[in-house]
Each structure stands twice: as C-alpha cells, then as structure tokens.
Amino acid sequence: MAFIELNHVFKTYKNGVSALADINLQINKGEFVFIIGESGSGKSTLNKLLYREEKVNKGNVMVGGVNVSKLKNGNVYKLRRKVGVVFQDFKLLPKLTVYENIAYPLESYGLDNKTIRERVMEAVNRVGLKEKLRSYPDQLSGGEQQRVCIARAIVNKPKLIICDEPTGDLDPKMSREIMDVIDKINTEMGSTVIMSTHDKEIVNRMKKRVVCIHRGVVVSDQEKGKYIEYEDN
Ligand code: ADP
C-alpha cells in the first residue's frame with residue numbers, strides 16, 4: 001500500500017457544493033507532489049481531508065496505514081502529530097515570539113524544556129532563522145514568517161508535510177528561497193510533501209510530480225511535470 005491513498009473520494013459541502021468527485025490518488029513515502037488547478041478546483045479540500053479538517057462523504061483516505069475517513073474524533077490528534085501543515089497566510093500567533101510559535105505544537109507532549117529547546121533549534125536551523133528567535137511575527141518579512149511556519153510544521157518531524165499555497169503571498173525571490181527550504185526538508189528528513197500552488201514558475205523549476213485538479217477531478221498526473229492551464233473541452 002502507498003503511504004497516501006485516496007480511493008473513490010467524494011466531498012460535497014453542506015451547502016451542496018461538490019468540491020471533489022471520485023478522486024483516486026496514490027502517493028509514496030518521501031514523494032514531493034504539486035497539486036495544481038485553478039481557484040475553486042478542490043485543492044484545499046483535498047489537503048483538508050488528509051489532516052481531517054474535513055471529512056469525506058464517500059470513499060477512503062489512507063495516510064500511513066490509518067484510515068483517516070474512519071478515524072474517531074478523539075483520535076484525530078494522533079494523525080495531526082504525524083502531519084505538519086504550512087498555510088499561505090502563516091497563521092502565526094502574534095503575541096508569541098518566533099521561538100514560542102515553533103515550540104507551541106510540542107506543548108501538549110509533556111516534553112522537558114531541554115528536549116523542546118533541542119527540537120526547536122533543529123527546526124530553526126533547517127529553515128535558517130536562528131537570529132530571529134526572540135522576534136515577534138510582525139517584526140518579520142513575509143518570507144521570514146513563512147520560514148517560522150515551516151519550522152513549526154517540522155518541529156515534530158512529521159511524516160507528511162502539507163503546504164497550502166505557501167508562496168501565495170510572497171514575491172518571486174522569497175518564493176524561490178522558501179521552495180529551496182521545503183525541497184531540502186523533503187530530501188534530508190524524508191518527509192512526504194504535498195504542495196498546492198498556483199505558481200507556474202516554481203512548478204516548472206522544481207520538476208516534481210504534478211497532479212492537476214479541475215472541478216474536483218484529477219485531470220492529469222505527470223512525473224517531472226510542468227504547470228498546465230487546464231481548460232474544458
Ligand atoms: P481551491 O483550494 O482549489 O481553491 P477549494 O477546495 O477551496 O478549492 O474549493 C472547492 C470548492 O468547494 C469551491 O467551489 C469552494 O467554493 C467550495 N468550498 C470550499 N470550502 C467550502 C466550505 N467550507 N463550505 C462550502 N463550500 C466550500
């Protein structure tokens with residue numbers, strides 16, 4: 001079985017909008033996959049199913065051998081511990097320092113301060129942000145804030161990192177730097193990376209697997225793919 005498997009997955013929101021219709025997808029451990037598609041095509045919904053922010057209506061979502069679609073609410077935290085999520089709008093806590101933002105996900109683990117510090121420092125070193133540990137989010141550039149978000153996502157060494165348009169609010173230079181950080185994490189930590197994006201330049205530069213979604217359906221899936229602008233026939 002692949003690390004991630006979606007089998008005949010359907011998602012319709014309560015208002016009747018069909019976001020995903022019969023998605024079948026397999027992703028191996030350690031893979032780096034771009035999910036592309038125009039706005040409203042279902043990319044975020046697909047991501048949310050993987051970390052159980054949303055539930056499927058039909059079909060199965062398997063992550064690391066766990067049937068996420070059947071997971072009891074009380075066990076969702078176990079899944080979340082294996083998944084790091086990076087958002088377009090960072091979602092950092094404004095009143096906490098960089099250090100505290102990164103340490104935050106570890107707080108429920110009952111780790112001692114020394115272990116927390118070691119883990120935070122390892123994550124910070126991977127994203128290259130050592131000199132900003134005492135800063136607050138509003139004292140950082142967009143690219144730096146995104147590095148904090150990535151450090152927070154990897155602090156628990158997750159098997160899966162989901163990035164939802166991580167460069168959407170960044171200029172091209174910062175976007176390239178952020179992509180290099182994520183690429184390095186994928187290679188060095190071996191975490192599987194799933195990244196939804198609109199960024200044509202980045203997709204074409206990285207030469208990774210590219211899955212294109214259109215109106216809730218996978219319309220193409222290419223190894224070392226290029227960005228495509230899918231249009232209805
Ligand atoms: P993308 O990430 O590709 O922009 P989304 O997954 O956010 O696409 O959205 C897919 C479709 O589902 C869109 O038509 C969107 O309006 C709808 N949608 C997304 N979230 C919700 C929600 N919470 N309630 C109702 N409809 C939603």
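As the structure is a computational prediction, the values presented were derived from the model and not from experiment. Whatever order the structure lists ligands and atoms in, that order sets their numbers, starting from 1.
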Within-cut-off N or O pair, Gly42 and ligand 1, under 3.5 Å
yes
Going by atom types alone, do Ser196 and Asn47 pair a side-chain donor with an acceptor below 3.5 Å?
yes
Is the CZ atom of Arg81 crowded by more than 12 outside heavy atoms at less than 6.0 Å?
yes
4.0 Å protein heavy-atom contact status of atom 10 (C) of ligand 1, strictly under:
yes
With rounding to the nearest 0.5 angstrom, report the OG to CZ distance, Ser191 to Phe32.
11.5 Å
Any idea which atoms of ligand 1 are less than 4.0 Å away from a heavy-atom of Lys43?
1 (P), 2 (O), 3 (O), 4 (O), 6 (O), 8 (O)
Show which atoms of ligand 1 fall inside a sub-4.0 Å distance from at least one heavy-atom site of Glu38.
3 (O)
Atoms of ligand 1 close to Val17 [distance to a heavy atom under 4.0 angstrom, numbered from 1]
12 (O), 14 (O), 17 (C)
Rounded to the nearest 0.5 Å, what separates atom NZ in Lys200 from atom CD in Glu229?
5.0 Å
Please round to the nearest 0.5 Å and tell me the distance separating atom NZ of Lys132 and atom CD of Gln139.
8.5 Å
Checking heavy-atom distances from atom 2 (O) of ligand 1 to each of Ser44, Ser18, Ser39, the winner is Ser44
Under a 4.0 Å heavy-atom limit, does Thr45 contact ligand 1 with its side chain, its backbone, both, or neither?
both
Quick check on atom 23 (N) of ligand 1 - does any protein heavy atom sit closer than 4.0 Å to it?
yes
Counting each atom of ligand 1 from 1 as listed, which ones have a heavy atom of Asn15 under 4.0 Å away?
25 (C), 26 (N)
Taking distance alone, with N or O pairs closer than 3.5 Å, would you say Gly40 contacts ligand 1?
yes
Starting from atom 18 (N) of ligand 1, what is the nearest protein heavy atom, named by residue and atom, and what distance separates them?
Tyr13 CE1, 3.3 Å
Please report the shortest heavy-atom distance between Ile194 and Leu50, naming the atom on each side.
CD1-CD1, 3.6 Å
I need the Tyr99 OH to Met121 CE distance, nearest 0.5 Å.
8.0 Å
Ligand 1 contact on Lys48 by region, counting heavy-atom pairs under 4.0 Å:
neither
Report yes or no: do Tyr136 and Val124 belong to one cluster of Ile/Leu/Val/Met/Phe/Trp/Tyr joined by side chain heavy-atom distances under 4.5 Å?
no
Numbering as shown, the atoms of ligand 1 that approach Ser41 to under 4.0 Å (heavy-atom distance):
1 (P), 3 (O), 8 (O)
Sub-4.5 Å side-chain heavy-atom contact between Asp169 and Gln146:
no
Contact atoms of ligand 1, heavy-atom distance to Ala19 under 4.0 Å
10 (C), 11 (C), 12 (O)
